[in-house]
Q: 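Please read through the structure below; I'll follow up with questions.
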Amino acid sequence: MVSRSFLVIIICLSLLTGQAQNKILVFQSDFGLKDGAVSAMKGVAMGVSADLKIFDLTHEIPAFNIWEAAYRLQQTAQYWPVGTVFVSVVDPGVGSQRKSVVLKTKSGYFFVTPDNGTLTLIAESMGIAEIREIDETKNRRQGSSESYTFHGRDVYAYTGARLASGTISFEEVGPKLPARVVTIDYQKPVFENGVIKGDIPILDIQYGNVWTNIDGNTFKQLNVNHGDSVTVTIYHSKQKVYSARLPFETTFSAVAIGKPLAYLNSLLNLSFALNQGSFSAKYKIYSGPDWSVEVKK
Amino acid sequence: MVSRSFLVIIICLSLLTGQAQNKILVFQSDFGLKDGAVSAMKGVAMGVSADLKIFDLTHEIPAFNIWEAAYRLQQTAQYWPVGTVFVSVVDPGVGSQRKSVVLKTKSGYFFVTPDNGTLTLIAESMGIAEIREIDETKNRRQGSSESYTFHGRDVYAYTGARLASGTISFEEVGPKLPARVVTIDYQKPVFENGVIKGDIPILDIQYGNVWTNIDGNTFKQLNVNHGDSVTVTIYHSKQKVYSARLPFETTFSAVAIGKPLAYLNSLLNLSFALNQGSFSAKYKIYSGPDWSVEVKK
Amino acid sequence: MVSRSFLVIIICLSLLTGQAQNKILVFQSDFGLKDGAVSAMKGVAMGVSADLKIFDLTHEIPAFNIWEAAYRLQQTAQYWPVGTVFVSVVDPGVGSQRKSVVLKTKSGYFFVTPDNGTLTLIAESMGIAEIREIDETKNRRQGSSESYTFHGRDVYAYTGARLASGTISFEEVGPKLPARVVTIDYQKPVFENGVIKGDIPILDIQYGNVWTNIDGNTFKQLNVNHGDSVTVTIYHSKQKVYSARLPFETTFSAVAIGKPLAYLNSLLNLSFALNQGSFSAKYKIYSGPDWSVEVKK
């Protein structure tokens, strides 16, 4: 009876705080799926605990593209249950002085990663509850001491698995760091003088849709209703490369096949698409910090 | 004791009907694996129930290719245990008037999808036990009301997870619809006057093998034995593009490396291949409704 | 109490031998992820036992490339827990006389595969405890007797699932064979007269790094310290195609962006890379038995 009461208390505490690890481990990397690197990380994790539920975010981050790693985490983490542990390994500076950290958000998600900019957007949108540096004297796979280059497997996957499975607590990751992360500069959305400015952080590359960082609340300041049109101008390195009036619609099929529209994407950010076509390919619009956008009525 | 008896009865009923959900959830889409869209669907599903066993069919359906979505479901579903729930999201008409449905087959599989032709082949081969329209007032992820475009995540993945986990019964999906689906027209295999006609619904694209829709039973009417040859003629838009005598074999290695053969593929449909080569690439043969085939002795 | 003691004994025996199956099943193939073939294998496995934990090594082995299948198994298996069952289906001779086997290693891993060279490196590095031929009269999916070509699904996935789940013991796979496998010839690393010779079995293709088969212990015989340089010469079909002095470093960031280095990769084999670039693409260096390497001080 004592042990059952104890169990109930533990469960209640977990539910109250909503921040305990939940045995779910989600991997992201730029390793691709053509060799055994991702599989080795999962093997190490299963060796830590066979109770883990292991998933992927993506392993097709372009090599060394920290910005895209940051973006994919922000785009996706919120749809997983609170307590999920994400391991993100996009690490051009492997072996350099970047720190290996675990960030716990205010909402109770965990991110295991090199602190190289990957945490830029998660820190901003979810807020930092606490950051700890991974103590590799304790949280490094046994037998890996001679291996210089595969931190993804021997430190990040291993620590992520230990944390997600409850083998270690968040405190046992290592010493607490100041609550700030290495960040990447980017243009935030602004509304002034009747014009919204923003950038194109990413393409919806499977379909060729163009996603801006102009969120629904900023866009609302233009007072545009569904069915209205807006003037969209796109710049590459400050050169104008596209300008047109686009209808603002809720569904792609509101316009004819092949025609462009503006809409709010699944993240509720302003986006541009062709109905059943590739806006990006047709108008040669790509993504990154040198692509900016202006929108007005 | 009462509750245990009750449990036994439930289990027996499940075994007898063979049609209860089995906690297995299999996703198919045209989203690709380069961004977070597939991961977000799985995150939503794990938020519904951490007991789910989540798998993929494929996420590399060519964008908007409903025919291929239909074909992959038919090709694969039968190898999963009865009770498996499939979520297929290939949805060029997202937001239009196509219905969001769950089809239950006579054998007890479930398919969650827009009713846009995706169910053409499953309905034909497995038979419709019942179709229900998803009631989005109940079966839609909380907090998703402002999101106009990602039905895959907020409706299909969410409903599929609730159904597969037993959170809702099939009846709780929504109102019953007439037992018919939107279908895509295609040429069925026929045998007349000593000639079999059919089409090429799909390529075995990893190897470049050409798969026809001529099933083993139709082919048997030609009375061809292993080791015999057949005359194969392939047409594109009714223009003859290939004609040759091919040996009908049980194994690729029955012919020399690089040589063509006819065989029954893993679905027992008549197919053409090169031993260790690509029939499709060598002879420029592709798939779709405008590719047809004639076979005679 | 009796049953509990029995359970404890069983668990202790498992821990002592370290060689029982552990319900983990890892698939490798050259099927790609664009069709339903991989999904069908997993469906068959789940039909055998819903308790299995199913993972992938890779399905992007180049078509019919047995050497790469062998290499990926060797690279990855060791990171999974002892008792894991691997199913590898790269099978250019499907239907020919190659045997279908299960190899148990001395360390207690299991490999289910056609014996066509796929086991070359695993047999060498892990050692053969015992090999058994799959008895297809018992270990073949019911209803698959008419299907001539998909051994991957009907024999290998099915047998692997039965073995991993404990449905059958290793002995029940089929009759014991002599403890040897079909092997692929390749140049092993040697050190003589101050020169190390080896080959390039594989590229780290996501990044374009060149991995040799020169292991850390062989390399140590050159007495090179970190920061020292070595002369690296690469031959294609015995023609010299690259020669340069490269610094031997522990981290990529020890050299300027775009500059080459030598290092020990995650398998502790000598490798060549550019810091944030593709060594393979820049110098047109690829992999296979016709690519060899010489290294001296």
Side-chain angles (χ1 to χ4, degrees), chain A residues 23 25 27 29-56 59-66 89-98 114 116 141-158 161, chain C residues 22-24 26-28 32-33 51 53-62 68 71-84 86 109 202-209 211 216-217 226 248-254 257 261 263-269 271 273 275-278:
Chain A
K23 298 192 188 305
L25 186 60
F27 285 102
S29 76
D30 59 357
F31 298 167
L33 295 172
K34 292 185 178 171
D35 67 18
V38 169
S39 189
M41 292 201 296
K42 294 180 181 175
V44 165
M46 287 304 283
V48 168
S49 169
D51 289 340
L52 288 170
K53 299 160 206 293
I54 298 178
F55 297 90
D56 300 304
H59 297 285
E60 305 289 351
I61 299 288
F64 310 126
N65 191 328
I66 293 168
V89 190
V90 177
D91 194 12
V94 59
S96 68
Q97 296 308 309
R98 91 282 180 275
N116 58 10
R141 189 176 65 86
Q142 282 193 307
S144 70
S145 59
E146 284 191 79
S147 175
Y148 296 107
T149 54
F150 207 171
H151 278 221
R153 181 189 66 214
D154 296 328
V155 177
Y156 299 122
Y158 182 70
Chain C
N22 62 10
K23 298 193 189 303
I24 300 176
V26 181
F27 284 101
Q28 171 174 279
L33 294 172
D51 289 340
K53 300 160 206 291
I54 298 178
F55 296 91
D56 300 304
L57 203 164
T58 179
H59 296 285
E60 304 289 351
I61 300 288
E68 191 161 326
Y71 189 84
R72 297 300 176 204
L73 289 178
Q74 183 198 27
Q75 176 190 32
T76 309
Q78 63 192 303
Y79 298 107
W80 286 87
V82 166
T84 297
F86 295 85
Y109 294 94
I202 207 96
L203 300 176
D204 180 8
I205 85 173
Q206 185 79 351
Y207 302 102
N209 304 335
W211 288 9
N217 286 331
H226 290 122
F248 175 62
E249 302 290 353
T250 59
T251 74
F252 285 24
S253 52
I257 288 178
L261 72 154
Y263 68 105
L264 297 182
N265 68 7
S266 53
L267 302 167
L268 302 183
N269 286 348
S271 302
N275 183 16
Q276 299 192 34
S278 168

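Residue numbering restarts at 1 for every chain, and letters A, B, ... go by the order of the sequence lines.
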Q: Does any backbone or side-chain atom of C:Gln75 lie under 4.5 Å from a heavy atom of chain A? Answer side chain, backbone, both or neither.
A: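 Only the side chain of C:Gln75 comes within 4.5 Å of chain A.
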Q: Quick check on C:Ile24 against chain A: is it the side chain, the backbone, both or neither that has a heavy atom closer than 4.5 Å?
A: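 The answer is the side chain of C:Ile24.
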Q: Less than 4.5 Å apart, any side-chain heavy atom of C:Asn265 and any of C:Asp204?
A: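 Heavy-atom side-chain distance check fails, nothing below 4.5 Å.
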Q: Given the options C:Lys53, C:Gln78, C:Gln276, which has more heavy-atom pairs under 4.5 Å with chain A than any of the others?
A: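 Sorted descending by pairs with chain A, the first entry is C:Gln276.
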Q: Can you tell me which of A:Val44, A:Ile54, A:Asp35, A:Val38 forms the most heavy-atom pairs within a distance under 4.5 Å of chain C?
A: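 With the most close heavy-atom pairs to chain C, the winner is A:Asp35.
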Q: Does the separation of the ring centres of A:Phe27 and A:Tyr156 fall below 6.0 angstrom?
A: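 Centroid distance A:Phe27-A:Tyr156: not below 6.0 Å, so no.
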Q: Heavy-atom cut-off 4.5 Å, strictly under: side chain, backbone, both or neither for A:Ala45 against chain C?
A: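 A:Ala45 has no heavy atom closer than 4.5 Å to chain C.
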Q: Is C:Leu73 close to C:Leu57 at the side-chain level, that is, under 4.5 Å between some pair of heavy atoms?
A: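 Yes, at least one pair of side-chain atoms sits under 4.5 Å.
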Q: Please lay out, stage by stage, how A:Arg98 and A:Asp91 fare under the test salt bridge (charged side-chain N to carboxylate O under 4.0 Å, His left out).
A: CA-CA 9 Å; A:Arg98 91 282 180 275; A:Asp91 194 12; 2.8 Å; yes
Q: Are any non-hydrogen side-chain atoms of A:Arg141 and A:Val48 less than 4.5 angstrom apart?
A: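 No, their side chains stay 4.5 Å or more apart.
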